[in-house]
*Asks:* 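Handing you a structure now.
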Amino acid sequence: MAEVLVYVDHVDGAVRKPTLELLTLARRVGEPVAVALGNGAADTGPALAEHGAVKVLTHEAAEYADYLVVPKVDALQAAVEAVSPAAVLVPSSAEGKEIAACLALRIGSGIITDAVDLEGGDEGPVATQSVFAGSFTTKSRVCKGIPVITVKPNSVTVEAAPAADAVEVLAVTFSARATGTKVTARTPREPTGRPELTEAAIVVSGGRGINGAENFAIIEALADSLGAAVGASRAAVDAGWYPHTNQVGQTGKSVSPQLYIANGISGAIQHRAGMQTSKTIVAINKDPEAPIFDLVDYGVVGDLFDVVPQLTEEIKTRRG
């Protein structure tokens, strides 16, 4: 069976959930071979093997942290040359898509971004995408070279499939461009105690109907009762009510959680583009004609300042 390269997103050896999802999808196409780079890469082996990686290629070097994406592209190119895979899968983060695009250019291959599903095919992997602001679902495959595919988080349920814990050191030679753009400083993100927006299983978002930054407290309370991430529409972000890092939509982040709760959000196409692939969508809006209701699984016509606190209290009561 052909091998499929999976780029590992990890923090000091702790593998993040989108990578485990990629391993689940990779098994539909071939045998997953994981590529872990940077500090702690060697520690990723057990978690990756538990989820189906038949081999883990690792390489640790200061360049991965000190410079931007080129060192990682160099390493993935080396892995492609060593393995000759049937496909390369990368998480659909901002950095992941940049790495994937650079790699596809390097190896002369086509690329598919933001896939939400993947299946095997006689002529190569077939990727499912949600396109044109979520209005259409397409299936496509790369016709030139080794397919490079980025996959959105929460696209598939993680499935364990224990394999041999085989870890090998990847031979990497950095190109002259690898040290062209140096990282001079980092500012740690302020901890919120909530999950990362793009990886969260549940997202609770607020929009123009929130009517002020101080009112986002009720959105945060609902999110905390569910263990959810907090999102915001562009209108709320542009008004300065919530940080841009939490914006969901065409000019913000794309999310695909199991549950998305939209509060005071009209449902403009730009917002829908960032959340329409959510598995279950709930909207609370006092305007019965709001476009968001054309999209939802469950809709509540009512004042969010009445509905949301009641919902939060009910959830807390049921959870004891």
*Asks:* For the side-chain contact (heavy atoms from CB on, under 4.5 Å) test, which of Val158, Val8, Val6 pairs with Leu20?
*Replies:*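 Passing option: Val158.
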*Asks:* Given 3.5 Å as the limit, does a donor-acceptor pair link the side chain of Glu98 with the main chain of Val69, or not?
*Replies:* no
*Asks:* With salt bridge (charged side-chain N to carboxylate O under 4.0 Å, His left out) as the criterion, how do Arg177 and Asp74 come out once you've worked through the C-alpha distance, each side chain's angles and the decisive distance to 0.1 Å?
*Replies:* CA-CA 9 Å; Arg177 291 171 291 180; Asp74 288 341; 5.8 Å; no
*Asks:* So does Thr113 get a backbone contact from the side chain of Gln129, meaning a donor-acceptor N/O pair under 3.5 Å?
*Replies:*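 It does hold such a pair.
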*Asks:* Going by distance alone, is a donor N or O of one side chain under 3.5 Å from an acceptor N or O of the other, for Tyr260 and Thr280?
*Replies:*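 No donor-acceptor contact under 3.5 Å links the two side chains.
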*Asks:* Could you state the interatomic distance from OG (Ser130) to CZ (Phe136), rounded to the nearest 0.5 Å?
*Replies:*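 Here the rounded value is 10.5 Å.
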*Asks:* Examine the side chains of Lys139 and Thr128 and answer whether a donor and an acceptor come within less than 3.5 Å of each other.
*Replies:*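 Looking only at side-chain atoms, Thr128 and Lys139 do form a donor-acceptor pair, the distance falling under 3.5 Å.
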*Asks:* Donor-acceptor check, side chain of Asn285 to backbone of Ile265, threshold 3.5 angstrom: yes or no?
*Replies:* yes
*Asks:* Charged N to carboxylate O below 4.0 Å: is that the case for Asp9 and Lys17?
*Replies:* no
*Asks:* Output yes when Lys97 and Asp114 qualify as a salt bridge under the 4.0 Å nitrogen-oxygen rule, no when they do not.
*Replies:*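 The answer is yes: the pair qualifies as a salt bridge.
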*Asks:* State, to 0.1 Å, how close Ser155 and Glu21 come at their nearest heavy-atom pair, and which atoms those are.
*Replies:* N-OE1, 3.5 Å
*Asks:* Test side-chain contact (heavy atoms from CB on, under 4.5 Å) on Leu57 and Lys55 and set out the steps.
*Replies:* CA-CA 7 Å; Leu57 304 178; Lys55 187 191 305 179; 3.7 Å; yes
*Asks:* How long is the gap from CD1 on Ile261 to CD1 on Ile202, to the nearest 0.5 Å?
*Replies:*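 Spacing of CD1 (Ile261) from CD1 (Ile202) equals 7.0 Å.
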*Asks:* Between Thr44 and Ala41, what is the shortest heavy-atom contact and its length?
*Replies:* OG1-O, 2.7 Å
*Asks:* Give a yes or no on whether Val29 and Ile112 share a hydrophobic cluster (residues Ile, Leu, Val, Met, Phe, Trp, Tyr; joining criterion: side-chain heavy atoms under 4.5 Å apart).
*Replies:* yes
*Asks:* Is Leu197 reachable from Ile281 through a run of I, L, V, M, F, W or Y residues, each pair having side-chain heavy atoms under 4.5 Å apart?
*Replies:*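 In one cluster: yes.
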*Asks:* Under 4.5 Å between any side-chain heavy atoms of Val156 and Leu118, yes or no?
*Replies:* no
*Asks:* Quick one: are Ile284 and Val307 in side-chain contact, heavy atoms under 4.5 Å?
*Replies:* yes
*Asks:* Flag the pair Arg28 and Asp117 as a salt bridge only when some basic side-chain nitrogen lies within less than 4.0 angstrom of an acidic carboxylate oxygen.
*Replies:*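 Here Arg28 pairs with Asp117 in a salt bridge, since their nearest N and O are under 4.0 Å apart.
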*Asks:* Identify the residue among Arg318, Gln310, Lys316 that makes a side-chain hydrogen bond (donor to acceptor under 3.5 Å, both in side chains) with Glu314.
*Replies:* Arg318
*Asks:* Give a yes or no on whether the backbone of Thr277 and the side-chain of Ser256 come within a donor-acceptor separation of less than 3.5 Å.
*Replies:* yes
*Asks:* Once you round to the nearest 0.5 Å, how far does OG of Ser93 lie from NZ of Lys253?
*Replies:*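 Ser93 OG to Lys253 NZ: 10.5 Å, rounded to 0.5 Å.
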*Asks:* How about Glu313 and Thr317: does a side-chain donor come under 3.5 Å of a side-chain acceptor?
*Replies:* no
*Asks:* Donor-acceptor check, side chain of Glu31 to backbone of Arg27, threshold 3.5 angstrom: yes or no?
*Replies:*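 The answer is no, because no donor-acceptor pair under 3.5 Å joins these two groups.
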*Asks:* Just how far is it from atom CD of Glu63 to atom CG of Leu68, taken to the nearest 0.5 Å?
*Replies:*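 One finds 13.0 Å between CD of Glu63 and CG of Leu68.
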*Asks:* Do Thr58 and Leu37 have side-chain heavy atoms sitting under 4.5 Å apart?
*Replies:*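 A side-chain contact under 4.5 Å is absent here.
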*Asks:* Which atoms form the tightest heavy-atom contact between His244 and Thr251, and what is the distance?
*Replies:* NE2-O, 3.6 Å
*Asks:* Tell me whether Glu214 at atom CD has more than 12 heavy atoms from other residues, nucleotides or ligands lying less than 6.0 Å away.
*Replies:*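 Buried by this count: over 12 neighbours within 6.0 Å.
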*Asks:* Compare all side-chain heavy atoms of Leu259 with those of Val203 and state whether any distance is below 4.5 angstrom.
*Replies:*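 Not in contact.
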*Asks:* Could you check whether any side-chain N or O of Ser109 sits under 3.5 Å from a backbone N or O of Leu105, counting only pairs where one atom can act as donor and the other as acceptor?
*Replies:*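 Such a contact is absent between Ser109 side chain and Leu105 backbone.
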*Asks:* Would the distance check show the side chain of Lys72 and the main-chain N or O of Glu95 forming a donor-acceptor pair, the cut-off being under 3.5 Å?
*Replies:* no
*Asks:* What are the two closest non-hydrogen atoms of Pro195 and Ala200, and how far apart are they?
*Replies:* CG-CB, 3.9 Å
*Asks:* Is it true that atom NZ of Lys182 has more than 12 heavy atoms of other residues, nucleotides or ligands lying nearer than 6.0 Å?
*Replies:* yes
*Asks:* Applying side-chain contact (heavy atoms from CB on, under 4.5 Å), run through Leu222 and Leu311 and close with a yes or a no.
*Replies:* CA-CA 7 Å; Leu222 176 57; Leu311 177 58; 3.9 Å; yes
*Asks:* With side chains defined as the heavy atoms from C-beta onward, is the minimum distance between Val148 and Val142 less than 4.5 Å?
*Replies:* no
*Asks:* Are Val80 and Val70 grouped together when hydrophobic residues (ILVMFWY) are joined by side-chain heavy atoms under 4.5 angstrom apart?
*Replies:* no
*Asks:* Do Val83 and Leu5 have side-chain heavy atoms sitting under 4.5 Å apart?
*Replies:*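 With C-beta onward as the side chain, the pair touches.
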*Asks:* Checking Tyr7 against Leu89 for the side-chain contact (heavy atoms from CB on, under 4.5 Å) test, could you report, in this order, the C-alpha distance in whole Å, the side-chain angles of both residues, the deciding distance, and whether it holds?
*Replies:* CA-CA 6 Å; Tyr7 174 72; Leu89 305 185; over 6 Å; no
*Asks:* Does Val88 belong to the same Ile/Leu/Val/Met/Phe/Trp/Tyr cluster as Leu48, with side-chain heavy atoms less than 4.5 Å apart forming each link?
*Replies:* no
*Asks:* Step by step, would you call Ile219 with Trp241 a side-chain contact (heavy atoms from CB on, under 4.5 Å)?
*Replies:* CA-CA 12 Å; Ile219 301 301; Trp241 300 342; over 6 Å; no
*Asks:* Quick check: does any side chain N or O of His10 sit under 3.5 Å from a backbone N or O of Gly38, one acting as donor and the other as acceptor?
*Replies:* no
*Asks:* Honestly curious: do Ile218 and Val248 fall in one hydrophobic cluster under the side-chain, below-4.5 Å linking rule?
*Replies:*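 Result: no, two separate clusters.
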*Asks:* Counting only heavy atoms not in Arg194 (residues, nucleotides, ligands), do more than 12 fall under 6.0 Å from its CZ?
*Replies:*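 Check passes, neighbour count above 12.
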*Asks:* Closest approach of Ala104 and Ile111, non-hydrogen atoms and distance?
*Replies:* CB-CB, 4.0 Å
*Asks:* Can you check whether Ala101's main-chain N or O pairs, donor with acceptor, with Arg106's side chain at less than 3.5 Å?
*Replies:*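 Not at all, since once roles are kept as given, no pair shorter than 3.5 Å links the two residues.
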*Asks:* Roughly how far, to the nearest 0.5 Å, is the CD atom of Glu220 from the OG1 atom of Thr312?
*Replies:* 11.5 Å
*Asks:* Do Leu304 and Lys286 come close enough that some side-chain heavy atom pair is under 4.5 Å?
*Replies:* no
*Asks:* Would you say the side-chain atoms of Asn246 pair up with the backbone N or O of Val230, donor to acceptor, closer than 3.5 Å?
*Replies:* yes
*Asks:* Let me confirm one number: the CZ-OG1 distance from Phe174 to Thr179, rounded to the nearest 0.5 Å.
*Replies:* 10.0 Å
*Asks:* Testing the 3.5 Å rule here: is there a donor-acceptor pair between the side chains of Arg234 and Gln247?
*Replies:* no
*Asks:* Counting the benzene-type ring for Trp, do Tyr298 and Phe293 have ring centres under 6.0 Å apart?
*Replies:* no
*Asks:* Tell me, do Ile292 and Val296 make a side-chain contact under 4.5 Å, heavy atoms counted?
*Replies:* yes
*Asks:* I need the minimum non-hydrogen distance between Cys102 and Val73, along with the two atoms involved.
*Replies:*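 Nearest pair, atom of Cys102 first, then Val73: CB-CG2, 3.7 Å.
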